[in-house]
Amino acid sequence: MDYSPRMSRIKESATFKYSALAKKPGVIDLTIGRTNFDTPRAIKDAAKKALDEGKVNYTPTKGIPELREKIAEKLRDANNIQSLDKENVLVSAGAKQLIFEAVLALVGEGDTVALPDPSWVSYESIVEFAGGKTAWLPTHPERGFIPEETFLSALENSKPKLVLLNTPNNPTGAVYPPKVIKQVVDICERKDAWLLSDEIYEEIIYEGEHFSAGSIYDKCITVNGYSKNCSMTGWRLGYAASKNREVIEKMNAIQEQSVSCATSFVQYAGIAAYTKEARKETTAMREELRKRRDHLSRRLSELDAVYVKPAGAFYVFPSFGDTDELKLADKLINAGVATIPGSPFGSKGKGCLRLSYGAASIEQIDEAIERMKKSIP
Ligand code: PMP
Ligand code: GLU
């Protein structure tokens with residue numbers, strides 16, 4: 001068929017592919033990055049109220065001012081990104097859409113985008129779809145997948161127009177220490193590169209400290225949303241913010257000609273994410289996820305795998321050495337455990353599987369380990 005050449009540069013999303021494969025009776029699903037908690041009550045009530053009040057029309061393309069004001073306040077108070085106001089904030093239908101807009105706005109044919117290896121599956125496709133080239137920056141399991149010398153020297157040796165950082169990290173669960181982020185910012189500053197800081201797992205940290213690169217770098221776009229911290233993956237709501245207003249306007253120009261705006265009543269519901277009641281539910285969810293992380297990390301030691309206990313997000317990324325992880329993932333689905341093979345996350349994912357415990361009970365984790373023990377020699 002006669003499709004655009006750019007279609008050869010976008011890959012099928014491995015997370016959605018394996019999530020679909022997991023939908024067989026009896027299969028324990030450790031694939032997609034979501035939690036099995038309900039969206040906080042206050043947010044659902046606010047959505048219903050907005051619908052009853054007839055908030056059913058287009059909103060300003062950047063998002064409703066009330067929500068953008070709340071986001072700017074949160075970024076100033078919790079992330080120390082000073083001098084932001086609502087004009088520095090863009091709301092859209094999920095963080096993924098905003099990453100797409102940022103990359104399309106900044107990356108031209110042949111431009112280099114540097115990203116950690118491994119990285120979330122969508123970054124590479126988005127970069128290549130925009131015409132960019134990927135420069136992979138290695139991270140290593142034995143260093144907890146935290147960027148260190150090899151990462152920094154690969155960054156030094158590349159000529160990036162844009163650097164993508166993601167902490168807490170998908171797929172490794174690593175939480176980057178402030179010192180590391182400062183080193184990366186330092187290099188970006190010298191190279192005059194843009195930085196996109198994807199902080200979607202910000203509120204799911206068990207150990208360590210969250211540090212926002214946007215607090216020390218003006219050419220940074222901070223991306224975040226409600227999918228993970230408020231269990232709202234299906235609502236499609238996220239935001240981007242930058243001290244650089246111009247880049248937000250450029251992203252908004254893409255938004256105006258594509259998705260137009262995020263869903264009206266979902267934006268009103270998003271305001272309720274900042275209420276005390278909703279915040280309490282996020283805290284309770286994190287504590288439950290911590291128990292699952294501890295349990296899964298303990299039980300993984302019964303397998304012949306190398307892994308680090310993750311400090312954030314809800315993924316573990318064990319390595320099974322020279323094993324062909326694509327075949328292993330298929331074999332495990334047949335044995336009743338669905339995971340995501342590591343290679344779509346980058347070459348450092350070879351031999352690895354990503355296990356998501358966001359939506360798995362302790363009993364399901366136990367059963368998954370038993371099934372894996374039988375399938376992995
Ligand atoms: N960034 C990362 C690292 C993710 O794992 C995801 C998946 N939720 C996203 C961005 C996109 O999130 P959203 O649901 O807000 O589009
Ligand atoms: N980000 C989640 C994941 O990695 C959700 C699916 C997706 O957007 O890729 O599983």
Side-chain angles (χ1 to χ4, degrees), residues 10-23 29-36 39 43 63 67 71 90-103 115-127 139 145 164-176 196-205 210 221-241 251 255 258-259 262-263 266-267 269-270 273 289 310 312-317 329 338-346 349 352-360:
I10 196 157
K11 288 185 194 149
E12 181 178 19
S13 163
T15 51
F16 282 106
K17 174 181 168 184
Y18 283 86
S19 163
L21 293 174
K23 306 233 171 322
D29 186 356
L30 306 179
T31 61
I32 200 100
R34 70 165 183 98
T35 63
N36 60 343
T39 299
I43 299 176
L67 177 59
I71 293 167
L90 178 62
V91 168
S92 194
K96 195 188 269 181
Q97 175 68 21
L98 289 151
I99 296 167
F100 225 102
E101 291 172 6
V103 171
L115 50 137
D117 187 359
S119 262
W120 176 43
V121 295
S122 289
Y123 295 150
E124 185 188 20
S125 269
I126 296 174
V127 166
T139 61
F145 293 108
L164 292 181
L165 274 196
N166 168 221
T167 177
N169 185 267
N170 176 4
T172 64
V175 174
Y176 296 177
L196 189 152
S197 178
D198 180 345
E199 305 182 9
I200 192 101
Y201 297 96
E202 172 188 10
E203 298 200 44
I204 307 173
I205 293 187
H210 183 73
I221 303 164
T222 306
V223 173
N224 206 328
Y226 306 85
S227 282
K228 314 295 172 177
N229 59 346
C230 296
S231 233
M232 287 175 70
T233 54
W235 294 63
R236 312 308 302 130
L237 189 66
Y239 60 84
M251 290 166 64
Q255 179 141 304
S258 54
V259 68
T263 305
V266 168
Q267 294 187 53
L289 290 172
F314 37 72
Y315 309 111
V316 195
F317 202 59
T339 63
I340 314 250
S343 45
F345 296 89
C352 300
L353 295 176
R354 191 192 77 175
L355 314 183
S356 169
Y357 53 88

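Basis for what follows: all heavy atoms, side chains included, without hydrogens, waters or symmetry-related copies. Atoms within each ligand, like the ligands themselves, are counted from 1 in listed order.
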Test item: Ser343 side-chain N/O and Gly349 main-chain N/O as donor-acceptor pair under 3.5 Å: no
Answer yes or no for Arg236: is there a heavy-atom contact with ligand 1 below 4.0 Å? yes
List below, pair by pair, the N or O atoms of ligand 2 and of the protein that are less than 3.5 Å apart, including the distance to 0.1 Å; reply 'none' if no pair qualifies.
unit_1   : atom_1 : unit_2 : atom_2 : d
ligand 2 : 1 (N)  : Trp120 : NE1    : 3.3
ligand 2 : 4 (O)  : Trp120 : NE1    : 3.4
ligand 2 : 4 (O)  : Asn170 : ND2    : 3.0
ligand 2 : 4 (O)  : Arg354 : NH1    : 2.8
ligand 2 : 8 (O)  : Lys96  : NZ     : 3.2
ligand 2 : 9 (O)  : Thr15  : OG1    : 2.6
ligand 2 : 9 (O)  : Trp120 : NE1    : 3.0
ligand 2 : 10 (O) : Gly33  : N      : 2.7
ligand 2 : 10 (O) : Arg354 : NH2    : 2.8

Ligand 1 atoms in contact with Gly94 (distance to a heavy atom under 4.0 Å): 15 (O), 16 (O)
Look only at the side chain of Ser197 and the backbone of Leu165, and say whether a donor-acceptor pair between them is shorter than 3.5 Å. no
Just to check, does Thr233 reach to within less than 4.0 Å of ligand 1 when the distance is taken from its heavy atoms? no
Test your reading of the model: is there a side-chain donor-acceptor pair from Thr233 to the backbone of Arg34, 3.5 Å cut-off? no
CG/Leu237 to CD/Gln97 distance, rounded to the nearest 0.5 angstrom? 12.5 Å
Yes or no: does Tyr226 have any heavy atom under 4.0 Å from an atom of ligand 1? no
Expected output: side-chain Arg354 to main-chain Pro341 donor-acceptor under 3.5 Å: no
Please find out if less than 6.0 Å separates the ring center of Phe345 from that of Tyr315. no
Give a yes or no on whether the backbone of Lys228 and the side-chain of Glu203 come within a donor-acceptor separation of less than 3.5 Å. no
Do Ala95 and ligand 1 have an N or O pair less than 3.5 Å apart? yes
Is the side chain of Asn166 donor-acceptor paired with the backbone N or O of Pro168 at a distance under 3.5 Å, no angle test? yes
Can you tell which of Tyr239, Trp120, Trp235 gets a heavy atom nearest to atom 9 (C) of ligand 1? Trp120
Using modelled atom types and a 3.5 Å cut-off, is there a donor and acceptor pairing between side-chain atoms of Ser125 and backbone atoms of Lys11? yes
Glu199 side chain to Thr222 main-chain N or O, any donor-acceptor pair under 3.5 Å? no
Supply the atom-to-atom distance Ile200 CD1 to Asn170 CG, rounded to the nearest 0.5 angstrom. 10.0 Å
Atoms in ligand 1 flagged as close to Asn166, the criterion being non-hydrogen separation under 4.0 Å: 3 (C)
Going from OG1 on Thr15 to CD1 on Ile32, what distance comes out if it is rounded to the nearest 0.5 angstrom? 4.5 Å
Report the nearest protein non-hydrogen atom to atom 7 (C) of ligand 1: residue, atom name, distance rounded to 0.1 Å. Lys228 NZ, 3.3 Å
Ser227-ligand 1 polar pair, N/O distance under 3.5 Å: yes
Should you measure from each heavy atom of Ile200, which atoms of ligand 1 turn up under 4.0 Å away? 1 (N), 2 (C), 3 (C), 4 (C), 12 (O), 15 (O)
Taking atom 1 (N) of ligand 1 as the reference point, the nearest protein heavy atom with its distance: Asp198 OD2, 2.5 Å
Got an N/O contact under 3.5 Å between Asn170 and ligand 1? yes
